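Quick caveat, the model's predicted, so the values are computed rather than measured.
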Amino acid sequence: GVNSYTKREIDGNVCYFHYIGEDIYREIIVTPQGAIKLTQEEPEKDGYTFHAHKFWEINWNYRDHITEADFLTSWNKS
């Protein structure tokens with residue numbers, strides 16, 4: 001599948017998504033308490049749960065799309 005990277009505010013937290021094809025592969029939820037990293041292998045942490053939507057279910061805006069480098073910067077500093 002194609003790798004896609006997006007960023008969007010959900011419930012007052014900034015969420016970063018890494019999709020492979022239409023499925024979320026990794027996610028970062030940036031909360032006031034810190035960043036939560038979720039993956040398909042670890043879909044739940046600190047009361048947060050992996051967003052299970054498909055890529056096409058969200059009406060993405062062009063500014064929601066980020067680069068792989070942007071995603072990895074956030075992932076690696078979390």
task = Would you confirm whether the ring centroid of His65 sits within less than 6.0 angstrom of the ring centroid of Phe17?
result =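 Ring-ring flag for Phe17/His65: false, centres at least 6.0 Å apart.
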State the [atom1]-[atom2] distance between [X] and [Y], to the nearest 0.5 angstrom.
X     : Y     : atom1 : atom2 : value
Ser4  : Ile66 : OG    : CD1   : 10.5 Å
Thr6  : Arg63 : OG1   : CZ    : 13.5 Å
Lys37 : Ile29 : NZ    : CD1   : 13.0 Å

If you compare all heavy atoms of [X] against all heavy atoms of [Y], which two are closest, and at what distance to 0.1 Å?
X     : Y     : answer
Ile36 : Asp46 : CD1-OD2, 3.5 Å
Thr31 : Asn13 : CA-OD1, 3.6 Å
Ile24 : His51 : CD1-O, 2.8 Å
Ile58 : Arg8  : CG2-NH1, 3.1 Å
Phe55 : Trp60 : O-NE1, 3.0 Å
Leu38 : Thr49 : CD1-C, 3.6 Å

key: Test log, rule side chain to side chain contact (heavy atoms under 4.5 Å, CB included), inputs Phe71 and Ile28   = CA-CA 9 Å; Phe71 181 91; Ile28 309 161; 4.1 Å; yes
query = Can you check side chain to side chain contact (heavy atoms under 4.5 Å, CB included) on Thr39 and Tyr25, steps first, answer last?
reply = CA-CA 6 Å; Thr39 63; Tyr25 178 64; over 6 Å; no
request  = Please check if Tyr48 and Val14 belong to a single hydrophobic cluster, counting links between Ile, Leu, Val, Met, Phe, Trp and Tyr side chain heavy atoms closer than 4.5 Å.
outcome  = no
inquiry  = With heavy-atom distances below 4.5 Å as the criterion, would you say the side chains of Glu44 and Phe50 are in contact?
reply    =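 The answer is no; the side chains never approach within 4.5 Å.
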query = Under 3.5 Å, is there a donor-acceptor pair between the Thr73 and Asp70 side chains?
reply =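 Absent: no donor and acceptor within the cut-off.
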task = Answer yes or no: does atom CG of Asn76 have more than 12 heavy-atom neighbours from other residues, nucleotides or ligands under 6.0 Å?
result =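 Count over threshold, so yes.
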task = Answer yes or no: are there more than 12 heavy-atom neighbours, outside Lys7 itself, under 6.0 Å from its atom NZ?
result = no
ask   = Please walk me through it: do Glu27 and Tyr19 pass side chain to side chain contact (heavy atoms under 4.5 Å, CB included)?
value = CA-CA 9 Å; Glu27 174 180 358; Tyr19 292 86; over 6 Å; no
request  = Before giving the answer on side chain to side chain contact (heavy atoms under 4.5 Å, CB included), spell out for Ile20 and Val2 the whole-Å C-alpha distance, their side-chain angles and the decisive distance to 0.1 Å.
outcome  = CA-CA 5 Å; Ile20 296 179; Val2 174; over 6 Å; no
query = Should the ring pair Tyr5 and His18 be called parallel, tilted or perpendicular, given that the plane angle runs from 0 to 90° and is split at 30 and 60?
reply =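 If you compare the ring of Tyr5 with that of His18, the planes turn out parallel.
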